[in-house]
Amino acid sequence: MPVDPGLRRLDIDLPAQPGALARLSHLLAADAVDLAAASALIETDMALAAAVLRAVNSSLYGLQGRVRSVLQAAQFLGLREIAAITYEMALRAVFPPEPVLAPVWDRAARRGLLMGRLAQRLGVDGWIAHSAGLFMECGKAVLVKHAPGRYPAMLGAARSDPELAALERNAFGVSHEVLGAALVDTWGLAPAAVVAVRSQLALRAGAPLSAELAVARVQALAMLAHAVMAGEDAAAAVERVAEAALLDAALAIRAVDAVRGSLGDG
């Protein structure tokens, strides 16, 4: 599912990828990723490194003791999670610090962790899954930046994401999942992440998973994470996506239970 070409006709700016992330993505693409080099790269941006350490030391990650360097954090959590936290902090930094976005960023952090850790247990690419989870709602931040006088009230008034998307299309000609997918694409993340972000509302409305397995698996993890975060029946979500994503249903249910418990969502 390509990013909607109609976006080119809209006067909505997408923030450029920060230079530190572009350099980090090159390191992550290497066959043998150098943990020390990646950590040092993150620490070249002092504000970004400080934000990463604040996130790592939050209750979400449950580390024993305080982590004092990016390298130490990477040794505890692994480079994938540190890279994802770096992307999360950089994503927040390119948008205004609006209070209305605080719940969006909180959900992004939790969803990214859920998807990344489910991916590890189910044999799916953890980096793609984690980054897709982080960016699922970033289109809302794009619209806050684009229309700070109109969109926050719209965001606060909508009772659901489908209702919000309808309001967005009426007001701006585009909805947040389309804008989010465009930002994922602009920042050079994997095509499977682009499609997962773009298709999230359609999938929740009953659309089938992609026929491309790599994409279907990321979409499936997004559906499982959504079920966990919404307090829905995870077994029903697994039953819906397991066959199309070629996931073992019993293993997927165990993975959901384990990850939900580790993040306090159970």
Given side chains that start at C-beta, do those of [X] and [Y] come closer than 4.5 Å, heavy atoms only?
{"X": "Val94", "Y": "Trp187", "answer": "yes"}
{"X": "Leu164", "Y": "Asp161", "answer": "yes"}
{"X": "Gln72", "Y": "Val56", "answer": "no"}
{"X": "Tyr87", "Y": "Leu24", "answer": "yes"}
{"X": "Trp105", "Y": "Leu91", "answer": "yes"}
{"X": "Val241", "Y": "Gln219", "answer": "no"}
{"X": "Arg110", "Y": "Val228", "answer": "no"}
{"X": "Leu14", "Y": "Val142", "answer": "yes"}

I need the minimum non-hydrogen distance between [X] and [Y], along with the two atoms involved.
{"X": "Thr186", "Y": "Pro15", "result": "CG2-O, 4.4 Å"}
{"X": "Ile82", "Y": "Ala74", "result": "CG1-CA, 3.4 Å"}
{"X": "Val238", "Y": "Ala249", "result": "CG1-O, 3.6 Å"}
{"X": "Leu71", "Y": "Ser39", "result": "CA-OG, 3.4 Å"}

Hey, is [X] close enough to [Y] for a salt bridge, meaning N to O under 4.0 Å?
{"X": "Arg198", "Y": "Asp185", "result": "no"}
{"X": "Glu81", "Y": "Arg117", "result": "yes"}
{"X": "Arg254", "Y": "Asp257", "result": "no"}

Single-linkage hydrophobic cluster [X]~[Y], side-chain heavy atoms < 4.5 angstrom:
{"X": "Met223", "Y": "Leu251", "value": "yes"}
{"X": "Leu179", "Y": "Leu201", "value": "no"}
{"X": "Val197", "Y": "Phe95", "value": "yes"}
{"X": "Leu122", "Y": "Leu213", "value": "no"}
{"X": "Val194", "Y": "Ile12", "value": "yes"}

Inset, instruction - Would you sort out whether Gln200 and His226 count as a side-chain contact (heavy atoms from CB on, under 4.5 Å), showing the intermediate values? - result: CA-CA 10 Å; Gln200 58 182 298; His226 175 73; over 6 Å; no

Within a reach of under 6.0 Å around [atom1] of [X], are more than 12 heavy atoms found that belong to other residues, nucleotides or ligands?
{"X": "Phe76", "atom1": "CZ", "value": "no"}
{"X": "Glu163", "atom1": "CD", "value": "yes"}
{"X": "Glu243", "atom1": "CD", "value": "no"}

Legend entry - No-hydrogen, no-angle side-chain donor-acceptor test under 3.5 Å, Glu212 and Ser210: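 Glu212 vs Ser210: no donor-acceptor pair found between side chains.
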
